[in-house]
Each structure stands twice: as C-alpha cells, then as structure tokens.
Protein chains: 2
Amino acid sequence: MTTNINTTIITIYVDGSCRNNGSDFAQGGWAAVLENGQDQLRISGSEQPTTNNRMELMALIEGLKAIRRENAHVRVFTDSKYVQKGCTEWLEGWKRNGWKRSDGKPVLNVDLWQELDALIQKHTIEFCWVKGHNGHPMNELADRMATAASHGRGVRVRTYAGNTGPVKQRLSGPGNVFTPPVAREKVSA
Amino acid sequence: MTTNINTTIITIYVDGSCRNNGSDFAQGGWAAVLENGQDQLRISGSEQPTTNNRMELMALIEGLKAIRRENAHVRVFTDSKYVQKGCTEWLEGWKRNGWKRSDGKPVLNVDLWQELDALIQKHTIEFCWVKGHNGHPMNELADRMATAASHGRGVRVRTYAGNTGPVKQRLSGPGNVFTPPVAREKVSA
RNA sequence: CGACACCUGUUACU
DNA sequence: AGTAACAGGTGTCG
C-alpha cells in the first residue's frame, strides 16, 4: 500500500454553539478539528451577538481558511443541514437568482455565505452530514470545543502523531482563535 | 381629562390560522380579542375544511358581531392584507361591479365578504394592518388563540378591570365559540 | 409580476 | 417551552 502525500484527504469536523440563541446578547462559539491522517489541528473562536447558524457557518469558514494547501481534497463533517444543504444544494441557486430564497426574500447571513462560496471553490470538498450528539467522537470533540468557546474558554491544542492525548490549556479571554504553528504546519504539509 | 364612555374606542385584534391550508381536510381556527380600555373579551372558533383567508375573515366577522353597541368607534388590527385592503379598498368596487375581480372572474368567499360588508356599515371602523409575528402582544395573543382553535382547543376567558391575569379553562370539544356574558357586557357597556 | 397571509417538512441552537 | 434557517406548497388580491 503506497501513500501519496499529495492526495491525502483532509478531514474537517465543524460545529457551532450559541447560548441564548435569538436574544440580543446571544453568545456563540465555533470549532473546527482538522485531520490529515497524521496530525490534528484544533481551532475555535467566539462571537457576540450572533446566532446558532452563523456559528455553524463560521466553523466551516475558519476550518477551510486553516488549510494552506491549494486545491486540497477535503471531507467536511457537519451536523447542520443548513450548512450541508446550503453548500451542496442551495448555494448555486442563490448565486443565480441574486441571493433570494424560495419565498423571494433575501437570503440571510449572506456575508458568510459569500465568504464560504469563495473558499469552497479553492478545493474539492465532500460535504457529509452527521446527526448531532450521536457519539461520533470527532463531532463530539468539535461540539465540546464550540460550547467551551461560547463560554469564553479558548482551547489551545497541539497533537502529534501517536500521541496518547491532546495537551489542553485554558486561555484567559473570550474570542480566542489560536492556531498552534506546529500543528498548522503538519496539517498543511 | 374627562372620559366620555360613549366615545370609547373598541379595539379588536383578529387572526386566523389554517393547518394544511390548501388541502381538502384543512383545519382552521380564528380568534378575536376585543378591548374597550377597561375589559377584554376573547372569542375563538374552528372550522373544517376551510382556508387561511376564510379564517381571517371569520375572525373579523365574529369580532364585530360581538359588539352590542350601535354605531361604535372600532379600531381593527389584522395582519392580513387580504382583509385590510379588502375592507378599505376593494369592497366598494366589488359591490359596484357585481362582485367581479379585476380579471373578470368572480370574487371568492363572497358569502363572507357580504356578511362582513353589512357589519362594517353598522360602525365607524379604522382598519390597521400589523405585520404578523412582530411581537405585537395582542396580535400574538390572537395568533395563539387561533392556532389553539385550529387544534380543537377552545379558550374560555373572562378578564376584569384591574385583574392580575386572565382565568383560562380548557373546553372539551372543538368548534368552541364561548363569549362569557360578564366580559361581553363589559365590552359593550 | 407583486404583496400579505396560512402552512408542511427538515436540521441545529438552547 | 423558545429561536435560527432553509426547502416545498396553497389561499387570495391588484
């Protein structure tokens, strides 16, 4: 079995969270876990005010932005039909009809959808939907990280191939988006 | 500041609901909340099969029928342009041209429009349109009552001036249009 | 074509 | 119990 480093699939698990969703002071968090078969990169961040769906979108946007390689083969796992169907079914129509929904009203979160659209075109991406909270380990991890971020607890993580477990450190402030250089390099290698 | 009881404005918030609108077994509900500045009367009912617009019309018809006073000053709040524009712009034309629409075809729901036309002439009525589901408290109340009625859940409510809250009781059957005598008298007084 | 309303479904966030 | 978002549909009028 030969392994070609250039065709390695990058897997991204994304999730968003939002406490008091719908209120003016809703506190959101997002997280993405990237894997290339060897190493792992974990990033997360928070925002206020926001919505649950904006955080789901942010998780994917930031996850894709963390990929250095050009034209990578990416497999995305999300539990949000809003994100999965948005990317695979609705986006093309929206671009064709001037970002209008089926009821004629403007598509919401259009800023994020347009940013996402640009990122999607840079790679070959498979979008996989997984039911939330179904025990899928990487999805659970992204979920916990997003929830932690929504509480203002950033996560700084480096993992190495063969490591028994990640090294976690609490960060002080909210809004933390820490991408450890070592892990980042490993993913994009 | 003097208050003349005879010039008190009666406010009516109306709303209709219709589950499976457009199907042969559509279940509808309507509701009207009347206020005279002191007391409140809540009425609701259900029908099957029907349409969303018929229920919007029924809500107003039953609301107006609940007014005992002759030649009252009434302010109606509806979220239906069909009802609001129907009453203020289209009705006169329809009566003049033999109930024909602008495309020459007959006006639908003529039975209800004619009943409404007769009721409108008995009072001085202001028609106010409010956007649905915009947090307008009385409109929200009418909306919930109409939805409950479409599910066969009648609401029996009496409210008194200075009462801390309404007294609610579930009624057994569907199609319930209960107008508590005490509240009714207070409204029409 | 436009407008308003009424839903049906799905997922997520709490 | 609620909000955030999307798809599909009908009821009605000008």
Side-chain angles (χ1 to χ4, degrees), chain A residues 14-24 26-30 49-57 59 78-91 93-94 99-110 112-113 129-134 139 143 146-147 150-151, chain B residues 14-30 49-57 59 78-91 93-94 99-110 112-113 129-135 139-140 143-144 146-147 150-151:
Chain A
V14 296
D15 200 19
S17 120
C18 187
R19 295 182 298 136
N20 302 110
N21 189 33
S23 84
D24 290 338
Q27 287 179 316
W30 58 263
T50 186
T51 68
N52 65 323
N53 288 328
R54 286 188 73 84
M55 296 319 278
E56 302 278 6
L57 286 169
T78 176
D79 64 13
S80 167
K81 286 280 185 187
Y82 178 63
V83 169
Q84 182 244 326
K85 290 200 164 233
C87 291
T88 59
E89 298 179 21
W90 306 333
L91 199 50
W94 291 339
W99 300 94
K100 294 284 185 287
R101 309 188 303 203
S102 66
D103 66 0
K105 297 206 169 84
V107 170
L108 299 186
N109 302 322
V110 79
L112 297 181
W113 281 114
W129 176 80
V130 287
K131 179 148 186 65
H133 310 286
N134 253 23
N139 201 265
D143 176 67
T147 301
S150 81
H151 282 86
Chain B
V14 297
D15 200 19
S17 120
C18 186
R19 295 157 56 214
N20 301 108
N21 187 36
S23 84
D24 291 337
F25 48 91
Q27 289 179 315
W30 59 263
T50 185
T51 69
N52 66 323
N53 288 328
R54 286 188 72 83
M55 296 318 278
E56 303 278 5
L57 287 169
T78 176
D79 63 13
S80 168
K81 289 277 186 188
Y82 178 63
V83 169
Q84 183 244 324
K85 290 200 164 236
C87 291
T88 58
E89 299 180 21
W90 306 332
L91 199 50
W94 292 339
W99 301 93
K100 294 283 184 289
R101 308 189 303 203
S102 66
D103 65 1
K105 298 201 172 92
V107 170
L108 299 185
N109 304 321
V110 185
L112 297 181
W113 280 115
W129 177 81
V130 286
K131 179 146 188 65
H133 310 283
N134 254 25
N139 201 264
E140 291 288 303
D143 176 67
R144 284 161 189 277
T147 300
S150 82
H151 281 87

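Protein chains get the first letters and strands the later ones, always in sequence-line order, with residue 1 at the start of each. Because the structure is predicted, anything quoted here is derived from the model rather than measured.
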Legend entry - Under-3.5 Å donor-acceptor pair between B:N52 side chain and C:A5 base: yes
Inset, instruction - Select base, sugar-phosphate, or nothing to describe what B:G28 touches, counting heavy atoms under 4.0 Å on all strands. - result: nothing
Legend entry - Rounded interatomic separation in angstrom, taking CD from A:E56 and P from D:dT3: 19 Å
Inset, instruction - Would you tell me if any nitrogen or oxygen in the side chain of A:S17 comes within less than 4.0 Å of OP1 or OP2 on C:U14? - result: yes
Legend entry - Donor/acceptor link under 3.5 angstrom from A:N21 side chain onto base of C:U14: no
Legend entry - Nearest to side-chain heavy atoms of A:Y82, which nucleotide of D:dT12, D:dA5, C:A3: D:dA5
Inset, instruction - Could you check whether B:N20 gets within reach of a base, just the sugar-phosphate, or nothing at all, counting any heavy atom under 4.0 Å? - result: sugar-phosphate
Legend entry - Nearest listed nucleotide, side chain of A:W129, among D:dA5, C:A12, D:dG11: C:A12
Inset, instruction - Tell me which nucleotide among C:C13, D:dC6, C:A5 gets nearest to the side chain of A:R101. - result: D:dC6
Inset, instruction - Find the distance between NZ (A:K81) and OG1 (A:T88) and round it off to the nearest 0.5 Å. - result: 8.5 Å
Inset, instruction - Would you mind reading off the distance between B:R19 atom CZ and C:A5 atom C1', rounded to a whole angstrom? - result: 17 Å
Inset, instruction - Report yes if at least one side-chain N or O of B:K131 is closer than 4.0 Å to OP1 or OP2 of C:A5; otherwise report no. - result: yes
Inset, instruction - Please check the phosphate of D:dG14 (OP1 and OP2 only) for any side-chain N or O of B:S102 closer than 4.0 Å. - result: yes
Inset, instruction - Give B:D15 one of three labels, base, sugar-phosphate or nothing, depending on what nucleic acid heavy atoms sit under 4.0 Å from its own. - result: sugar-phosphate
Inset, instruction - Please check the phosphate of D:dG11 (OP1 and OP2 only) for any side-chain N or O of B:N109 closer than 4.0 Å. - result: no
Inset, instruction - Could you tell me whether the phosphate oxygens of C:A12, OP1 or OP2, come under 4.0 Å of any side-chain nitrogen or oxygen in A:H133? - result: no
Inset, instruction - Just compare C:C13, D:dT10, D:dA5 and give me whichever is closest to any side-chain atom of A:L108. - result: D:dA5
Inset, instruction - Using only side-chain N and O atoms of B:W94, determine if any of them is under 4.0 Å from OP1 or OP2 of D:dG14. - result: yes
